[in-house]
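Have a look at the structure below, then the notes.
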Amino acid sequence: MTDTYEVGGGAAGLSAALVLGRARRRTLVVDAGEPRNAPSAHMQGFLSRDGMAPAEFLAVGREEIARYGVELVRDRAVAATKGGAREGDGGFTVSLAGGRTVRARQLVVATGLRDELPPVPGVAERFGRDVLHCPYCHGWEVRDQAFGVLATTVLSVHQALMVTQWSKDVTLFLHQVEETAPTGDDLRRLAVAGVRVVPGEVAGLRIEDDRLTGVRLADGSVHAREALFVAPRPVPRNELFVGLGAELTQTPFGAYPVTDERGLTTVPGLWAAGNASGFAEQVVNAASRGYRAGAAINGELLFADLDAAVRV
């Protein structure tokens with residue numbers, strides 16, 4: 001039986017695996033190869049890795065865990081159960097899409113989430129280039145350009161106000177949000193920040209020479225813009241947590257497992273890290289959460305073995 005099984009080979013899963021491999025724990029990582037930041041050409045805000053391509057970051061991480069004997073499997077976990085084939089078995093049994101079944105004493109789920117983009121023509125095709133969602137990830141690269149913000153809910157007012165830190169030329173397109181939806185405080189803040197508010201549904205984008213040059217409304221008018229911020233609907237990949245009976249908490253950004261400060265869920269031995277544990281985990285945060293979970297798991301295993309030996 002493997003000491004620890006990591007579902008998800010992004011920053012969180014690889015970080016936990018690195019800690020556990022260095023602790024001489026037999027560790028297995030399964031990775032379906034669907035990182036959330038795959039559309040981005042670079043990642044930012046990670047000290048010493050600022051500007052690194054996400055694919056390069058993951059490649060370096062895989063090389064590092066391999067030094068410590070961690071096994072990496074390219075597959076997808078489709079189901080997990082508590083225990084093994086016999087009654088009283090501990091740990092977890094995980095089934096992979098390729099037909100393999102693995103057992104582990106501890107299970108880290110770092111499956112992340114997927115971003116469901118607004119169904120506006122051109123948005124998905126430009127996402128990660130000049131259609132963006134996180135100013136901390138991309139704001140510096142498009143600073144002082146003409147920004148648009150596509151409202152999907154009234155919460156997009158907050159996004160429009162945030163991006164004014166990177167440009168003073170910001171237009172909030174209300175899209176399908178009613179003109180009466182923003183509160184009085186919202187409107188006052190938008191006015192003070194210099195954000196223009198444009199009602200009417202967005203029908204598509206204007207692309208010229210492979211660059212975003214404008215946002216087209218349903219009435220045919222086009223507003224010149226160079227970058228468009230959107231708010232994707234996050235869809236947590238929480239199926240394994242649900243199947244194992246972990247308690248979830250509902251948030252405006254999806255349902256996530258209830259955990260302690262280390263990442264342990266309400267199911268003993270089941271851990272959450274990265275975007276599987278919350279919406280706002282950037283790469284640096286995900287790596288930190290994975291490290292914390294890995295260190296905690298090693299301690300759990302160590303003391304479980306010591307206590308078992310004492311009882312003999």
Side-chain angles (χ1 to χ4, degrees), residues 1-17 20-21 25-36 38 58 61-62 65 70-116 233-251 253-260 262-279 281 286 289-290 293-294 296-298 300-301 304:
M1 182 192 295
T2 298
D3 286 330
T4 307
Y5 184 80
E6 319 273 342
V7 182
L14 291 176
S15 183
L20 288 159
R25 293 292 179 187
R26 187 181 176 198
T27 303
L28 173 67
V29 177
V30 63
D31 182 23
E34 298 175 350
R36 183 187 181 191
L58 294 178
R62 294 180 195 120
I65 65 171
V70 175
E71 181 184 358
L72 176 68
V73 174
R74 294 290 195 168
D75 210 330
R76 182 188 303 277
V78 295
T81 56
K82 197 82 166 71
R86 299 186 304 272
E87 185 176 351
D89 283 353
F92 299 87
T93 300
V94 182
S95 301
L96 305 185
R100 181 177 177 181
T101 299
V102 295
R103 298 269 330 283
R105 297 172 66 188
Q106 303 273 314
L107 176 61
V108 179
V109 177
T111 45
L113 57 82
R114 64 180 177 85
D115 290 307
E116 189 175 272
R233 186 176 79 89
V235 182
R237 295 187 173 110
N238 57 17
E239 295 83 2
L240 295 180
F241 295 120
V242 172
L244 289 166
E247 181 182 349
L248 303 183
T249 182
Q250 292 289 337
T251 78
F253 309 104
Y256 298 90
V258 175
T259 69
D260 66 13
R262 304 169 302 164
L264 180 63
T265 71
T266 55
V267 176
L270 176 63
W271 304 74
N275 279 136
S277 64
F279 160 72
E281 303 298 333
R289 297 273 300 199
I297 288 168
N298 182 58
E300 292 273 330
L301 292 170

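Minimum interatomic distance between Val94 and Ala80 (heavy atoms only, all atoms of both residues): CG2-CB, 4.2 Å. Residues Ala276 and Tyr256 share a closest heavy-atom pair of O-CD2, 3.8 Å. Residues Ala304 and Arg105 approach most closely at CB-NH2, 4.2 Å, considering heavy atoms. The heavy-atom pair separating Ala255 from Leu248 by the smallest distance is CB-CD1, 4.1 Å. Shown here for Ala77 and Val7, the closest heavy-atom pair between the two residues is CB-CG1, 3.7 Å. The two atoms that bring Arg62 and Leu14 nearest to each other are N-CD1, 4.2 Å, heavy atoms only.
Electrostatic pairing of Asp3 and Arg26 does not count as a salt bridge here, judged by no charged N lying under 4.0 Å from a carboxylate O. Ion pairing of Arg114 with Glu34 is absent here, as no side-chain N (NZ or NE/NH1/NH2) approaches a carboxylate O to less than 4.0 Å.
Between the CG atom of Leu264 and the OG atom of Ser277 there is a distance of 12.5 Å, given to the nearest 0.5 Å. The line from CG of Leu270 to OG1 of Thr259 is 10.5 Å long, rounded to the nearest 0.5 Å. Summarising the geometry, atom CE belonging to Met1 is positioned 10.5 Å from atom CZ belonging to Phe92; distances are rounded to the nearest 0.5 Å. Distance check: Phe253 CZ to Arg233 CZ gives 12.5 Å after rounding to the nearest 0.5 Å.
Side-chain atoms of Thr2 never come within 3.5 Å of backbone atoms of Leu28 as a donor-acceptor pair (strictly under, hydrogens ignored). A donor-acceptor pair under 3.5 Å is absent between the side-chain atoms of Thr27 and the main chain of Ala17, judged by distance alone. When atom types are taken as modelled, the side chain of Thr266 and the backbone of Ala246 share no donor-acceptor pair closer than 3.5 angstrom. Although no hydrogens or angles enter the test, the distance criterion places no donor-acceptor pair under 3.5 Å between the side chain of Asn298 and the main chain of Leu20. Between the side chain of Thr111 and the backbone N or O of Arg237 there is at least one donor-acceptor pair closer than 3.5 Å.
Inter-residue side-chain proximity for Ile297 and Trp271 is flagged as met; some heavy-atom pair is nearer than 4.5 Å. Side-chain contact check for Leu107 versus Leu244: some heavy-atom pair is nearer than 4.5 Å. Side-chain contact between Thr4 and Leu301 is present, with at least one heavy-atom pair separated by less than 4.5 Å.
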Residues Arg74, Asp31; criterion salt bridge (charged side-chain N to carboxylate O under 4.0 Å, His left out); working and verdict: CA-CA 5 Å; Arg74 294 290 195 168; Asp31 182 23; 3.3 Å; yes
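Within 6.0 Å of CZ on Arg76 lie no more than 12 heavy atoms contributed by other residues, nucleotides or ligands.
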